[in-house]
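Structure, as structure tokens:
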Protein chains: 2
Amino acid sequence: MLDYKLLAALAAVVEQAGFERAAQVLGLSQSAVSQRIKLLEARVGQPVLVRALPPVPTEIGRRLLNHVQQVRLLERDIQAQVPGLDEGGPPERLRIALNADSLATWWAQAVGGFCTEQGLLLELLVEDQDVGLKRMRAGEVAACVCGSERPVAGARALLLGSMRYRALASPGFIARYFPRGVTAAELAQAPAIVFGPDDLLQHRYLSALGVEGGFAYHLCPSSEGFVRLAEAGLGWGLMPELQVQEELAAGRLCELLPERPLDVPLYWHHWRSGGELLGALTQHLQRHAAAGLVAAKR
Amino acid sequence: MLDYKLLAALAAVVEQAGFERAAQVLGLSQSAVSQRIKLLEARVGQPVLVRALPPVPTEIGRRLLNHVQQVRLLERDIQAQVPGLDEGGPPERLRIALNADSLATWWAQAVGGFCTEQGLLLELLVEDQDVGLKRMRAGEVAACVCGSERPVAGARALLLGSMRYRALASPGFIARYFPRGVTAAELAQAPAIVFGPDDLLQHRYLSALGVEGGFAYHLCPSSEGFVRLAEAGLGWGLMPELQVQEELAAGRLCELLPERPLDVPLYWHHWRSGGELLGALTQHLQRHAAAGLVAAKR
DNA sequence: TCGAGCAAATCAGTTCTCCTAATGAGTAAT
DNA sequence: ATTACTCATTAGGAGAACTGATTTGCTCGA
């Protein structure tokens, strides 16, 4: 059997993004962590971490990490079966990566019941679009919600449905930039709002409209803030329908190009050997995610 | 994370059926094994082994064992991915329980290619009929072939096909016991051959013919021996069609009741979280087991 | 009822793993 | 340069865990 003390150290270093913090989490000294990693590398015969800021697992390291992730999921099952095996440590949370918009809209509704029922704690990591898959590949998370269809090795991807985005702006903004109605070319000239550097929604929307080249945009890495900026007339942006129903109804935001929504399919990626709990969560999502999403068309 | 040194000790004790032998396998003293088990029980808060001959895992113990089994399967995958992680120990074999008749007939053909391709070593445990499932439940084996449809918790059962048995005896035996032809009632009076105490084939065959009550039988726990006994005229028995084609063709064995074969469905039980190797083996079997089996009808 | 034989538990002593603490070295920002 | 930060290295020591010897407990057979 592998030495899981060493693997746990590797996992802690990557998850905590540093030896020092990893040591704290493990209840050890920084030195001990360093030694464990070194010993692990000696056993494996090659480095498992690239010493950078933050430390990044090597190819081998990633494989080991996602093995650890899978074993942890199995352990979760058995700890549910065998009382008094809780290790005394803090109750482990299930780490899941998802995109900010999902978290801001349908996620809580969809998983709320399951978590209270099962007494399950989550550790949610917000990641733009497809970056969550990287975490998955590195074995840092048990599952993720993202836009990529292709599962990583050892995992499965399940289509949950699509999130419908609409291009919105405040009435004042529209009056100012589009006095003669909205056209694709003009849209590219008006300032936009973009969630983060990895957020390519607006880019995709514009290129779907046939507009090439760059455009000016604000960066605002907060879902709520995003809506507030749009309301304040700073720019136009693509917002999840679900999140802005009130603003639309009250007329604080208006649609630029009606009947041109953007549907973004969302996939649930989860380890194939994820144990019963993750399996149950997957089933639950399959049934309850649809409520907040539109049926996907490809 | 659980302490896998302790769990490995538990597994060794159960698999080797004793502390002493477990110690040898682990490269430790008997004393050390005893202490590990005790420590494990202290952690868990209750006994994991019933001290008997051989030691038997408790309910909790079985759950732990089959967790170990699943983790081992995952480790096998990663060891294939990460060279130089072989632990130096002896190459771990994949433990599989199956019934003697399968081993005597189609098994080798079905898995031969896969094993050589993948460089996979097997440790086969021969178990009568459904006893293999117990090994599965105890986490002692990674998979098993048996007649039960119902999978163990955490595992899947896959119908492979049916084995066709025919009731056969030597010409001399038939002439002696059934001079006027074979009838069900007379069959129950003639001595039978039964594989082992758990082998209920003949019982089922007779009760399917409407015969109630006991009958006289030899016990012979060897597939080859079984056929030899029948050839020698010691009794009649149900033999896999596959195994006795030569004897039938040569006239050394004859069918008692033509057109009354007994088809026994066989299922492949494997852990759901068994990793890629076990998954691949399962697929392989699904494709190649059929060759030696008749399509199952229910 | 009593030993013989065997398996596991216990105990005392020792080994050696693994940790801590202090220090050193490399890198980036000030 | 200096400071701040992170990780590596080293020596030394605590204690976990192993070994070997012995005891306990059980099962048979006489």
Side-chain angles (χ1 to χ4, degrees), chain A residues 1-58 60-62 64-65 68 85 87-89 138 140, chain B residues 1-58 60-62 64-65 68 85 87-89 138 140:
Chain A
M1 305 226 81
L2 302 178
D3 189 336
Y4 286 88
K5 276 205 286 282
L6 307 186
L7 295 179
L10 174 60
V13 168
V14 173
E15 281 162 16
Q16 305 301 320
F19 284 54
E20 186 71 50
R21 263 184 302 255
Q24 279 196 315
V25 169
L26 296 173
L28 298 174
S29 64
Q30 173 265 320
S31 167
V33 174
S34 177
Q35 289 174 57
R36 281 187 176 188
I37 298 291
K38 202 166 77 165
L39 183 54
L40 176 61
E41 291 180 326
R43 295 261 172 93
V44 172
Q46 46 192 309
V48 297
L49 274 180
V50 176
R51 270 65 165 187
L53 299 173
V56 175
T58 60
I60 297 292
R62 275 195 280 117
L64 292 172
L65 280 170
V68 171
L85 198 62
E87 292 284 293
E140 291 178 60
Chain B
M1 306 226 80
L2 301 179
D3 189 336
Y4 286 87
K5 274 206 286 283
L6 307 187
L7 294 180
L10 174 61
V13 168
V14 173
E15 282 163 17
Q16 305 301 320
F19 284 57
E20 187 71 51
R21 261 181 304 242
Q24 280 197 314
V25 169
L26 296 173
L28 299 173
S29 64
Q30 173 265 320
S31 167
V33 174
S34 176
Q35 290 173 54
R36 281 188 176 186
I37 297 292
K38 201 166 77 166
L39 183 55
L40 177 60
E41 292 180 326
R43 296 259 172 94
V44 171
Q46 45 192 308
V48 297
L49 274 180
V50 176
R51 271 61 166 191
L53 299 172
V56 176
T58 61
I60 298 292
R62 275 194 279 118
L64 292 172
L65 279 171
V68 171
L85 198 62
E87 292 285 292
E140 292 178 59

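Order of the sequence lines sets the chain letters (A, B, ...), proteins ahead of strands, with each chain counted from 1. For the numbers below, each heavy atom of this structure counts, side chains included, while hydrogens, waters and symmetry mates do not.
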Distance-minimising heavy-atom pair for [X] and [Y]:
| X | Y | value |
| --- | --- | --- |
| A:Val68 | A:Ala11 | CG1-CB, 4.3 Å |
| A:Arg62 | A:Pro57 | CG-CG, 3.7 Å |
| A:Gly18 | A:Pro55 | N-CD, 4.0 Å |
| B:Ile37 | B:Arg51 | CG2-NH2, 3.7 Å |

Heavy atoms from C-beta onward define the side chain here; which of D:dA11, D:dT19, D:dC7 lies closest to that of A:Gln35?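 Closest nucleotide among those given: D:dA11.
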Please, which pairs that meet salt bridge (charged side-chain N to carboxylate O under 4.0 Å, His left out) have at least one residue in residues 18-29 of chain B, sequence neighbours excluded?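 Non-adjacent pairs meeting salt bridge (charged side-chain N to carboxylate O under 4.0 Å, His left out): zero.
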Nearest 0.5 Å, please: how far is [atom2] in [Y] from [atom1] in [X]?
| X | Y | atom1 | atom2 | value |
| --- | --- | --- | --- | --- |
| B:Leu40 | B:Leu7 | CG | CG | 5.5 Å |
| A:Arg36 | A:Asp3 | CZ | CG | 8.0 Å |
| B:Arg43 | B:Leu64 | CZ | CG | 12.5 Å |
| A:Leu6 | B:Met1 | CG | CE | 12.0 Å |

Without decimals, in angstroms, what is the distance between [X] [atom1] and [N] [atom2]?
| X | N | atom1 | atom2 | value |
| --- | --- | --- | --- | --- |
| B:Lys5 | D:dA16 | NZ | P | 12 Å |
| A:Leu40 | D:dA8 | CG | P | 13 Å |
| A:Leu39 | D:dA8 | CG | C1' | 15 Å |
| B:Arg36 | D:dA17 | CZ | P | 8 Å |

Passing candidate, side-chain contact (heavy atoms from CB on, under 4.5 Å) with A:Leu49, options A:Thr58, A:Leu10, A:Val56: A:Leu10
Quick one: how far along DNA chain C does chain A reach, first to last nucleotide 5' to 3', anything under 4.0 Å to a heavy atom?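 Listing 5' to 3', DNA chain C meets chain A from C:dC19 to C:dA21.
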Interface residues of residues 7-14 of chain A with DNA chain D (non-hydrogen, below 4.0 angstrom):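 None, since no heavy atom is under 4.0 Å.
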Compute the angle between the rotation axes at the two ends of the helix from C:dT1-D:dA30 to C:dT30-D:dA1, each taken over five pairs, rounded to 10 degrees.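 The value is 20°.
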Has B:Glu140 got a side-chain atom pairing as donor or acceptor with B:Glu15's backbone, closer than 3.5 angstrom? no
Can you list, pair by pair, the side-chain donor-acceptor contacts under 3.5 Å of residues 23-35 of chain A, counting residues two or more places apart and other chains?
residue	atom	partner	partner atom	Å
A:Ser29	OG	A:Ala32	N	3.2
A:Ser31	OG	A:Gln35	NE2	2.9

Below 4.0 Å: OP1/OP2 of D:dC7 and any side-chain N or O of A:Lys38: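 Negative; the distance criterion is not met.
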Do the non-hydrogen side-chain atoms of B:Leu39 and B:Lys5 ever get within less than 4.5 Å of each other? no
Tell me, which of residues 20-34 of chain B have any heavy atom that sits under 4.0 Å from an atom in DNA chain C? B:Glu20, B:Gln30, B:Ser31, B:Ser34
